[in-house]
Number of protein chains: 2
Amino acid sequence: MTVLNPSRIRIYDVATAAGVSIATASKALNDTGRMTGETRERVKRVAAEMGFRPNAMARALLSQRSFTVGLLTNDTYGRFTLPLMAGVSEALVDQGVSVFLCTVEDDPALAKVHVDAMLDKQVDGIIASGKRIDGRLPVDLSNLPIPVVYAFSSGPDDAVTLVSDDAQGSREAVRWLVGLGRRRVAHVTGPESFASVRERAEAYRAVVGGDGEVLYGDWSEAWGREAVDRLWSGPGAVSDAVFCGNDQIARGVVDALRERGLRVPDDVSVVGFDNWEIVAAATRPPLTTVDMNLKQLGREAGRLILALAGGQIVEPGIRKLPCQLVVRQSCGGIAPR
Amino acid sequence: MTVLNPSRIRIYDVATAAGVSIATASKALNDTGRMTGETRERVKRVAAEMGFRPNAMARALLSQRSFTVGLLTNDTYGRFTLPLMAGVSEALVDQGVSVFLCTVEDDPALAKVHVDAMLDKQVDGIIASGKRIDGRLPVDLSNLPIPVVYAFSSGPDDAVTLVSDDAQGSREAVRWLVGLGRRRVAHVTGPESFASVRERAEAYRAVVGGDGEVLYGDWSEAWGREAVDRLWSGPGAVSDAVFCGNDQIARGVVDALRERGLRVPDDVSVVGFDNWEIVAAATRPPLTTVDMNLKQLGREAGRLILALAGGQIVEPGIRKLPCQLVVRQSCGGIAPR
DNA sequence: GTCGAATGAGAAAAGGTTTTACCTGATTGA
DNA sequence: TCAATCAGGTAAAACCTTTTCTCATTCGAC
């Protein structure tokens, strides 16, 4: 029920209405300085009644803090960035911090424009993100006068970096399959050039032992289907489980298995990676898959950038956040309590 | 190659270095006022050498314009918002305008917090968006002291609103099917409670005439499969084409047809809606589908909010932007030149 | 040689808030 | 009674840029 004010009310108006000076009003509202409890309360009450909201520009000009952070990403599709953004926003909104989102594809010039714009606007920090953990943005953020946190993307070695723990997620998935009694687990994944792919494959091998089989391909359903053809057409014992590098591959695998007359999960268990709702839930049967907890990653990134902006020192280095297995129906088994 | 400055250079530093007053420096840099060409050039050169960038906060405080807009959405998944955002950003970035993105789900309290935060930060305008054209945000934006543009969402009748032209997109799709010689086109779509659904269905009926059949359901692949069962199990002539309300339904339809032994596109043509790359391209065969040109919608929204913020008057009302048929392989036929 | 106009440049105000330094009474301690 | 402390509050500076006056100089015209 705020009055619709033609021009915003300033602290001056509040001070006048409360019968004090501007300085006193400011101190009353910010719980600083010394004054009678009565005075403080009166000013606060008047301010609330008038719907006073301090001008963030003026405040920023003075404090050199804009209560604003930038989120820079080259993930135009938003698959990874949006959950991250949701987390960042959630961590910051009650501190009154807003988020500039800039998607820069892989255009260095555009990236520079956006970064400069953010610097002009005095963002308190920048969160650099992307579409793969070992990806880099097309712009150098290392000598900026403001803190930078890398979340789900790579930066310099001495940067503060947050990534999901691919190895742990991978272990979780494979152990789940093994725990269900699966003995021949194959791993169908993306291009070996991806760090995540190598890390997940390594963790997979560590669990299954020497007889693991890793098939590298691309991130598509088509590759998932093709991999099934390869696995099931060759000589030797066939697999009874497939651990996939992402949900799209997993969907391709599940479809191909069904078309071969193999039942999922009765004959073969399948696990995906990413928990991309739209794919995982639409697969028949819905996919058991590894969630990278991107929202949590975002919250953490928000927390860190705020700490850095507030002058706290944060140990540089890579922080790995755990993944979580989301159990649906493509493996059989029941979600652990 | 900017110098890494401990404290930013202010216009004062430029003025001093150039041997002029602050006022002259400002005027030189902004191409206002009168002075020798020589002076103007010298100031500009010095500013460039020093890497001077005016403090946006100070500028905003004075001009009451922050060169910042807010994009508010309840589309947490980002399916519609991200392309829109890309368009907005593209339209605004070379004007030096940055975008605050806030996703508010359906939480009125959270929405209010975000709107207030944006008002405090003096955004020059707000673009309200969502996940359906007839959806509304959980917050009232009608009496704000700044302009609001509704893009892919509904606002008051006297608002400036941008939506995609569902009827035209629908006509485009159905005519394409008819033009390919299809005679019995069915329409499988989402819940009738959606305005887009009704509008698309109406346009569909207008093209196919009295014998059109519309099946309402939800937006899922499962519903697409079920609809095929219904269409092909009943008595009477079967369809030779299906126009779907979105790409997920279309994918379900295509899968179900294949599983029935019907060939797409040889026996049945299928058209989707949304051009959701991840679904449309992964379908076998890839979907011919209607693209709502959300990026273009975003560009337009950016243009409009800027015009409004600049004081221009913009005719209120609903502006419909055309959709575009994207031809892939689920219909046969070749993309028109 | 003087007046008016045009030209180039600077001083100062404005924008809204926070913070520092200061001021006035009143109270306390000696 | 005097000095010292303290409570309660205020004026003014600072943040950085833009813009409006104002001033001084020069030039052309009479």
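Note on naming: letters A, B, ... go to the chains in the order of the sequence lines (proteins, then strands), and numbering restarts at 1 for each one. Hydrogens, waters and symmetry mates play no part in the numbers below; they use all other heavy atoms, side chains included.
- Contact of A:R10 with C:dG16 (side chain to base): no donor-acceptor pair of N or O atoms is detected under 3.5 Å.
- Within 4.0 Å of B:S63, counting heavy atoms only, lies no atom of the nucleic acid at all.
- Distance, A:R40 CZ to D:dA7 P: 13 Å, rounded to whole Å.
- Side chain B:K27 to base D:dT17: no donor-acceptor pair is found below 3.5 Å.
- The side chain of A:R59 lies closest to C:dT18 when the candidates are D:dT17, D:dG9, C:dT18.
- Rounded to an integer number of Å, the gap from OH of B:Y12 to P of C:dG10 is 13 Å.
- Looking at B:T103 and B:T81, their side chains never come closer than 4.5 Å, going by heavy atoms from C-beta outward.
- Listed nucleotides C:dA9, C:dT17, D:dA11 differ in distance to B:M35; the shortest reach to its side chain belongs to C:dA9.
- If you check every strand for non-hydrogen atoms under 4.0 Å, B:L61 touches a base.
- Where B:T39 and A:L29 meet DNA chain C, the nucleotide closest to each residue was compared, and B:T39 sits on the side nearer the 5' end.
- Counting any heavy atom pair closer than 4.0 Å across all strands shown, B:T36 reaches sugar-phosphate atoms only and no base atom.
- Residue B:S21 places at least one side-chain N or O closer than 4.0 Å to OP1 or OP2 of C:dG10.
- Going from atom CD1 of B:I22 over to atom P of C:dA11 covers 9 Å, rounded to whole Å.
- When distances are taken from the side chain of A:A58 to each of D:dT10, C:dG16, C:dG10, the shortest belongs to C:dG16.
- Within the 4.0 Å cut-off from OP1 or OP2 of D:dT18, at least one side-chain nitrogen or oxygen of B:S26 is found.
- The separation between A:N55 atom CG and D:dC16 atom P is 16 Å, rounded to whole Å.
- Shown here is B:D157, whose CG atom has no more than 12 heavy atoms of other residues, nucleotides or ligands within 6.0 Å.
- Side-chain proximity of A:V20 to D:dG8, D:dT10, C:dT17: nearest is D:dT10.
- Summarising the geometry, the separation between NZ on A:K121 and P on D:dC16 is reported as 18 Å, rounded to the nearest angstrom.
- If you take CD of A:Q64 and P of C:dT17, they are 17 Å apart, rounded to a whole angstrom.
- At whole-Å resolution of the value, CZ in B:R42 and C1' in C:dG8 are 12 Å apart.
- With respect to the salt-bridge test (charged N to carboxylate O, under 4.0 angstrom), the residues B:D106 and B:R136 do not qualify.
- Among the nucleotides C:dG10, C:dT17, D:dT17, the one closest to any side-chain atom of B:I11 is D:dT17.
- Position along DNA chain D of the nearest nucleotide to A:R34 versus A:L62 favours A:R34 as the more 5'-ward residue.
- The side chain of B:N30 lies closest to D:dT18 when the candidates are C:dA9, D:dT18, C:dT17.
- To the nearest 0.5 Å, atoms CD1 (A:I126) and CZ (A:F100) are separated by 11.0 Å.
- Between B:L297 and the choices B:V88, B:V163, B:L321, the side chain to side chain contact (heavy atoms under 4.5 Å, CB included) rule is met once, by B:L321.
- Ion pairing of B:R40 with B:D31 is present here, as a side-chain N (NZ or NE/NH1/NH2) and a carboxylate O approach within less than 4.0 Å.
- Between B:D120 atom CG and C:dT17 atom P there is a gap of 10 Å when expressed in whole angstrom units.
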